[in-house]
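Note sheet for the following structure.
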There are 2 protein chains.
Amino acid sequence: MATGRNHRPATRSRGIPEATVARLPLYLRALTALSERSVPTVSSEELAAAAGVNSAKLRKDFSYLGSYGTRGVGYDVEYLVYQISRELGLTQDWPVVIVGIGNLGAALANYGGFASRGFRVASLIDADPAMSGKIVAGIEVQHTDLLERIIADNGVSIGVIATPAGAAQQVCDRLVAAGVTSILNFAPTVLSVPDGVDVRKVDLSIELQILAFHEQRKAGELDTEAADTAAPAAPPAVSVTRRAAEDADDDTEAGPDGDVPAVMPA
Amino acid sequence: MATGRNHRPATRSRGIPEATVARLPLYLRALTALSERSVPTVSSEELAAAAGVNSAKLRKDFSYLGSYGTRGVGYDVEYLVYQISRELGLTQDWPVVIVGIGNLGAALANYGGFASRGFRVASLIDADPAMSGKIVAGIEVQHTDLLERIIADNGVSIGVIATPAGAAQQVCDRLVAAGVTSILNFAPTVLSVPDGVDVRKVDLSIELQILAFHEQRKAGELDTEAADTAAPAAPPAVSVTRRAAEDADDDTEAGPDGDVPAVMPA
DNA sequence: CCATCTTTGTGCACGCTTTCACAAAGGCAT
DNA sequence: ATGCCTTTGTGAAAGCGTGCACAAAGATGG
């Protein structure tokens, strides 16, 4: 899951648990693939394997949506695609704006998975005047000054933030003030938003750090923690190393946080 | 969280719960920011606010690492930075390869948050011969043929997959065979890996779909589900719409899944 | 029409996570 | 020293999520 605010206080959004909602897109993807191969029905076992989950979990997930399966047969692929799409709100068009057209923003703009699921990139917005007018993914980049107008004119309710960390909160505030109520945040910052606004956070480096933790464990299963008991009270020495390592990348851009989701194109 | 395999069967990796591990990078980021402002100590309340979590949760998380706080005062920022870094394995150097240098791969290569946390991009790898030799983020792109040698020569244990979905499993298999034991997957596919290999998945479109779900709920709180009872049995009509929408983006590249994490550079 | 076989839908138990609430611990002023 | 005030560290409880295991439901063949 994207590490982010618990936008819903563990409340079920309508009887559908949050954990289930997070898996629906997974099922939808597997089902779409089956649909393309013209597979008419699928059992919970098969679909679970394709989605990489437990079959009991999958059945329970579907039970929250209603009983769409046929015992002894399985689920109707097309019908399930429809039901899940409807449940997720993908049967309607969602105009989206992407703010911060660096490498990551450009990658997002080009991302095929958006358009195929009802997400339409309504506008690309960047604060750099040099970016204005450039064509990215077939769309003209517009300046931040126009943000409010773009949101209003297109009825945008979902915004994607791919700016440096230092600009994220400010952009977020403007998006929210302009009417955006859902934000996907790629900037490595905790955004504060008023109630009623959902934020999901995707942090590329956090995922790697979690992998590193497990990797370290795997490697350390042989030597029984040598450095663990050593160096018990030497914080300053290490913090110097750390700071040095950070200076190395701060030459790119030095926001208040010193961290940037993706550097701007050269 | 990146929706991915539960690589550890809910087992605590050494007394440290998985949920806690996932939050450590969050704390680390907040602490690093404090460290840069030369703040000597911080209370659980303050740090929790900065990291966007509950203070009791934070204290419990830290209690798994040991008792590094001082009652009545708080936590020593530098010392905590050191302890968390060590726990996450960030005090050592992690060579990483990125496979698939499209927009997303390039964005990852340029991502400052990696280098600053001990992750060193050892190599960029792409299957497209036209990419070979190009310089991205100051690193020369190498051809997939060299994958095994690169992994071995650099002692890489962490691989990042940013290829189209169709190539992901194949790339994954080669990475694993070459010795990689941790994979960060951006391709929209379920990867199957042998035991002992960790996979974390980041899926950009899934996050948007989850937002859309909540967005729909917010919008639908007024009109009490009109379309819910309507159209109870019309699956074919919708599946046509769906298929049409997907053809729209398949002109880019048509893998077995029809979905691509980020299109290749033009 | 009945028996059999497959597969769904779900009650239940277990374990992880979160949160509360408070005693213990340490600093600080007097 | 003593007492007060702040903040940690942690039992205990409640809330979720997961997975087992099985009864109910439907298809299928004779």
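Chain identifiers are assigned alphabetically (A, B, ...) following the order of the sequence lines, protein sequences preceding nucleic acid strands; residue numbering begins at 1 within each chain. We use all heavy atoms of the structure for the numbers below, so side chains are in, but hydrogens, waters and symmetry mates are not.
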Review point. Between Ser192(B) and Cys172(B), which heavy-atom pair has the shortest distance, and what is it?
Key: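 For Ser192(B) versus Cys172(B), the nearest heavy atoms are O-SG, 4.4 Å.
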Would you mind reading off the distance between [X] atom [atom1] and [N] atom [atom2], rounded to a whole angstrom?
| X | N | atom1 | atom2 | value |
| --- | --- | --- | --- | --- |
| Glu18(A) | dG15(D) | CD | C1' | 15 Å |
| Asp76(B) | dG27(C) | CG | P | 13 Å |
| Ile16(B) | dT17(C) | CD1 | P | 12 Å |
| Asp61(B) | dT19(C) | CG | P | 11 Å |
| Leu58(A) | dT18(D) | CG | P | 12 Å |

**Study point:** CG on Leu65(A) to CD on Glu87(A), rounded to 0.5 Å
**Key:**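 That separation rounds to 5.0 Å.
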Check your understanding: Just how far is it from atom OG1 of Thr189(A) to atom CD of Gln169(A), taken to the nearest 0.5 Å?
Key ->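 CD of Gln169(A) is found 8.0 Å from OG1 of Thr189(A).
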Check your understanding: Going 5' to 3' along nucleotides 5-13 of chain C, which nucleotides have protein heavy atoms under 4.0 Å from the base (write B), which only from the sugar-phosphate (write S), and which from neither (write -)?
Key -> -BBBBBBB-
Check your understanding: Heavy-atom distance under 4.5 Å between the side chains of Asp76(B) and Pro40(B), does that happen here?
Key ->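 Side-chain contact under 4.5 Å: no.
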Review point. Got more than 12 heavy atoms from elsewhere within 6.0 Å of CD, Gln170(A)?
Key: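 12 or below, so no.
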Practice item. Please determine if a side-chain N or O atom of Asn54(B) lies less than 4.0 Å away from the OP1 or OP2 oxygen of dT17(C). Key: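 For dT17(C), neither OP1 nor OP2 has a side-chain N or O of Asn54(B) closer than 4.0 Å.
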Point to revise | Whether Tyr79(A) and Tyr82(A) hold their rings parallel, tilted or perpendicular, with breakpoints at 30° and 60° | key: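 Rings of Tyr79(A) and Tyr82(A): tilted, as their planes differ by 30° to 60°.
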